[in-house]
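Structure record follows, encoded as structure tokens.
Heads up: numbering here begins at 1 and tracks the sequence. Keep in mind that what you see is a predicted model, and the values were worked out from it rather than measured.
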Amino acid sequence: MGNIFGKIFTVTTFGESHGKAVGCVIDGCPPMIELSEADIQVDLNRRRPGQSEISTQRNESDTCKILSGVYEGKTLGTPICILVENKDQHSFDYDEIATLWRPSHADFTYDAKFGIRDPRGGGRSSARETIGRVAAGAVAKKMLKGIKITAWVESLNLISMPAPTTTPTHDEIEQTSVRCPHKPTAEKMIEFIKKARSEGDSVGGVIRCRIEGLPAGLGNPVFDRFEAELAKAMLSLPATKGFEIGSGFAGTRMLGSRHNDIFVLDENGNLTTKTNNAGGVLGGITSSRPVDFRVAFKPTATIAKEQPTVSKKLEPTTVIGKGRHDPCVLPRAVSLVEAMSALVVADFTMRQRTIKEV
């Protein structure tokens with residue numbers, strides 16, 4: 001039913017926004033990897049609500065519990081279950097939407113598919129489901145020695161930061177609540193979000209991510225291309241509407257002579273390329289160059305403005321977004337992009353290990 005991601009390193013997420021708990025079950029994680037709840041909590045804290053004045057004010061600590069698969073601080077090689085309890089639900093905010101379909105939400109499509117849905121906080125379609133992904137991503141990162149995954153907010157609406165010459169540091173990204181490493185741009189973004197929220201509206205933007213330290217050879221030809229799995233991972237996230245890798249759509253405006261990445265040797269005699277328009281992937285297989293991609297996120301669908309819609313009785317009506325929602329998902333989605341990247345890399349790493357063992 002679409003709740004499992006990965007082929008060897010697999011993740012099943014579970015839970016609804018206002019249910020008792022959310023979480024994940026991870027299978028295929030190797031044994032003897034050091035893992036604690038504190039390792040996972042670091043990433044969950046970057047995703048959790050109520051971080052700042054530009055995020056939802058739902059007050060959840062998102063404290064995780066490891067229920068299985070770890071003994072004396074090390075993974076057992078058996079399924080790892082991670083649980084996060086929901087404690088600050090305001091389900092009464094959603095009584096009205098049980099009888100209608102909100103614009104740009106999954107209310108109608110869930111009813112069309114299942115004939116039933118949990119309307120409280122969006123149920124399974126809520127971004128709260130991503131807690132399980134972030135927890136699993138934290139576990140995946142513990143497997144990935146020497147691999148660095150860095151995501152940041154590059155643009156918001158029409159506000160864009162200058163192109164960085166090097167990958168931003170964690171401290172640079174975390175220095176502002178919007179998680180844009182260019183402080184002057186970040187300040188403009190924050191003010192834009194505040195203005196949109198004060199007007200009952202929302203905004204979208206683009207998150208950029210780089211995966212560095214990957215070996216050449218991850219990924220498979222044809223249907224299991226590395227970038228195809230990466231695109232699937234990103235577009236499975238709530239509110240995503242676009243994915244591009246390397247030069248992306250800008251590459252369509254270049255000639256082949258300029259776009260081609262010329263092979264050269266670096267100062268240590270290692271094979272590399274002068275440019276990285278391919279985004280670190282050739283023929284669906286990683287080239288050892290940084291995997292560089294962008295993910296587009298739409299404006300948050302729930303807004304505090306009255307909008308026309310249709311009820312389940314097929315009668316015209318109106319709806320105003322209630323509850324506590326992010327006016328912009330980007331700052332909290334940085335951790336989601338990093339987590340899904342880690343899951344893709346971990347799964348392909350395990351697939352490559354299987355190939356070599358055979």
Checklist entry - Just by distance, do the side chain of T273 and the backbone of T275 share a donor-acceptor pair under 3.5 Å? => result yes
Checklist entry - Hey, does the side chain of S126 reach the backbone of S17 with a donor-acceptor pair shorter than 3.5 angstrom? => result no
Item to check | Listed partners of E172 passing salt bridge (charged side-chain N to carboxylate O under 4.0 Å, His left out), at least two apart | outcome: none
Next on the checklist: Whether the side chain of S341 engages the backbone of V337 through a donor-acceptor N/O pair (distance < 3.5 Å, no angle test) should be reported.
Outcome noted: yes
Item to check | Close side-chain approach of H182 and Q175, heavy atoms under 4.5 Å | outcome: no
Checklist entry - Please, which pairs that meet ring-ring contact (aromatic ring centres under 6.0 Å, His included) have at least one residue in residues 24-49, sequence neighbours excluded? => result none
Checklist entry - Below 4.5 Å, heavy atoms only, C-beta onward: do I66 and I40 meet side chain to side chain? => result yes
Item to check | Pair E227 + R225: basic N to acidic O under 4.0 Å | outcome: yes
Checklist outcome for this item: Residue pairs passing the salt bridge (charged side-chain N to carboxylate O under 4.0 Å, His left out) test with at least one member in residues 158-170, sequence neighbours excluded, are none
Checklist entry - Restricting to pairs with a member in residues 65-74, which pass side chain to side chain donor-acceptor pair (under 3.5 Å), not counting sequence neighbours? => result K65-E85
Item to check | L144 with V134, same ILVMFWY side-chain cluster at under 4.5 Å | outcome: yes
Checklist outcome for this item: Hits for side-chain hydrogen bond (donor to acceptor under 3.5 Å, both in side chains) against K241, two or more places apart or cross-chain, chain-then-number order -> none
Checklist entry - Does T13 reach the side chain of V22, with side-chain heavy atoms less than 4.5 Å apart? => result no
Checklist entry - How close do V178 and A186 get, heavy atom to heavy atom, and via which atoms? => result CG1-CB, 3.7 Å
Checklist entry - K188: what forms a salt bridge (charged side-chain N to carboxylate O under 4.0 Å, His left out) with it, not counting sequence neighbours? => result none
Next on the checklist: Looking only at side-chain N and O atoms, does R332 offer a donor or acceptor that is under 3.5 Å from a partner on T130?
Outcome noted: no
Item to check | Spatial distance of atom CG (D292) from atom CD1 (I245) [nearest 0.5 Å] | outcome: 8.0 Å
Checklist entry - Rounded to the nearest 0.5 Å, how far apart are SG of C64 and CD of E37? => result 5.0 Å
Checklist entry - Between K183 and E187, does at least one N-O distance fall below 4.0 Å, as a salt bridge requires? => result no
Checklist entry - Measuring from C29:SG to K142:NZ, what's the distance to the nearest 0.5 Å? => result 10.5 Å
Next on the checklist: Do I82 and V139 make a side-chain contact, defined as non-hydrogen atoms from C-beta onward lying under 4.5 Å apart?
Outcome noted: yes
Checklist entry - Does a side-chain heavy-atom distance below 4.5 Å link I190 with S177? => result yes
Next on the checklist: Assigning hydrophobic clusters by single linkage (Ile, Leu, Val, Met, Phe, Trp, Tyr; side-chain heavy-atom cutoff under 4.5 Å), is L100 placed with I320?
Outcome noted: no
Next on the checklist: Show, in sequence, the C-alpha distance, side-chain angles and deciding distance for F192 and I54, and conclude whether the side chain to side chain contact (heavy atoms under 4.5 Å, CB included) test is met.
Outcome noted: CA-CA 10 Å; F192 194 87; I54 61 170; over 6 Å; no
Next on the checklist: Using the rule given for side chain to side chain contact (heavy atoms under 4.5 Å, CB included), can you reason through C328 versus V203, listing the C-alpha separation, both sets of side-chain angles and the distance that settles it, and then say yes or no?
Outcome noted: CA-CA 5 Å; C328 177; V203 296; 3.6 Å; yes
Checklist outcome for this item: E174 meets the salt bridge (charged side-chain N to carboxylate O under 4.0 Å, His left out) criterion, sequence neighbours left out, with R46, R179
Checklist entry - Can any side-chain N or O of T75 pair as donor or acceptor with the backbone N or O of P30 at less than 3.5 Å? => result yes
Checklist entry - Got more than 12 heavy atoms from elsewhere within 6.0 Å of NZ, K195? => result no
Checklist entry - What's the spacing between D107 CG and I97 CD1 if we round to 0.5 Å? => result 5.0 Å
Item to check | Side chain to side chain, S104 and K298, heavy atoms closer than 4.5 Å | outcome: yes
Item to check | side-chain hydrogen bond (donor to acceptor under 3.5 Å, both in side chains) partners of T167, counting only residues at least two apart | outcome: R210, E212
Next on the checklist: Taking salt bridge (charged side-chain N to carboxylate O under 4.0 Å, His left out) as the definition, give me every residue that meets it alongside D111, ordered by chain and number, with sequence neighbours left out.
Outcome noted: R117, K312
Next on the checklist: Give me each pair satisfying ring-ring contact (aromatic ring centres under 6.0 Å, His included) with a member in residues 216-254, each pair once, sequence neighbours excluded.
Outcome noted: F226-F348, F243-F293
Item to check | side chain to side chain contact (heavy atoms under 4.5 Å, CB included) evaluation trace for R102 with T309 | outcome: CA-CA 7 Å; R102 295 169 295 170; T309 190; 5.9 Å; no
Next on the checklist: Please determine whether side chain to side chain contact (heavy atoms under 4.5 Å, CB included) holds for the pair L237 and V295, giving the CA-CA distance in whole Å, both sets of side-chain angles, and the decisive distance to 0.1 Å.
Outcome noted: CA-CA 10 Å; L237 289 169; V295 187; 5.6 Å; no
Checklist entry - Under a 4.5 Å side-chain heavy-atom rule over Ile, Leu, Val, Met, Phe, Trp and Tyr, are L314 and V319 clustered together? => result no
Item to check | 4.5 Å side-chain heavy-atom contact, F9 and V345 | outcome: no
Next on the checklist: Is there a path of hydrophobic side-chain contacts, each under 4.5 Å between heavy atoms of I/L/V/M/F/W/Y residues, joining I8 to V344?
Outcome noted: yes
Checklist entry - Are D201 and K305 close enough for a salt bridge, meaning some N to O gap below 4.0 Å? => result yes
Checklist entry - Would a distance-only check, ignoring hydrogens and angles, find a side-chain to backbone donor-acceptor pair under 3.5 Å from S247 to A250? => result no
Checklist outcome for this item: Output for pair (K141 NZ, L343 CG), nearest 0.5 Å, gives 9.5 Å
Next on the checklist: Any non-hydrogen side-chain atom of D43 less than 4.5 Å from a side-chain atom of S335?
Outcome noted: no
Item to check | Side-chain (D27) to main-chain (T10) donor-acceptor, under 3.5 angstrom | outcome: no
Item to check | D118 side chain to H18 backbone, donor-acceptor under 3.5 Å | outcome: no
Item to check | Between CD on residue E129 and CZ on residue R124, distance to nearest 0.5 Å | outcome: 4.5 Å
Checklist entry - Would you call E229 and R351 a salt bridge, taking side-chain N to carboxylate O under 4.0 Å as the test? => result yes
Checklist entry - Is any NZ, NE, NH1 or NH2 atom of the basic residue among D62 and R128 found under 4.0 Å from an Asp or Glu carboxylate oxygen of the other? => result yes
Item to check | Over 12 foreign heavy atoms within 6.0 Å of CD1, I116 | outcome: no
Next on the checklist: With clusters defined by side-chain heavy atoms of hydrophobic residues (ILVMFWY) lying less than 4.5 Å apart, directly or transitively, does I173 cluster with M189?
Outcome noted: no
Checklist entry - Any donor and acceptor pair, going by atom type alone, linking the side chain of S287 with main-chain N or O of L282 inside 3.5 Å? => result no
Checklist entry - What pairs meet the salt bridge (charged side-chain N to carboxylate O under 4.0 Å, His left out) rule with one or both residues in residues 253-274, with sequence neighbours excluded? => result none
Next on the checklist: With a 3.5 Å distance limit and no angle check, can you tell me whether N45 reaches the backbone of V42 through a side-chain donor-acceptor pair?
Outcome noted: no
Check: residues 147-161 side-chain donor-acceptor pairs under 3.5 Å, at least two apart:
residue : atom : partner : partner atom : Å
E154    : OE1  : R294    : NE           : 2.7
E154    : OE2  : R208    : NH1          : 3.2
E154    : OE2  : R294    : NH2          : 3.4

Next on the checklist: Could you check whether any side-chain N or O of N3 sits under 3.5 Å from a backbone N or O of T12, counting only pairs where one atom can act as donor and the other as acceptor?
Outcome noted: no
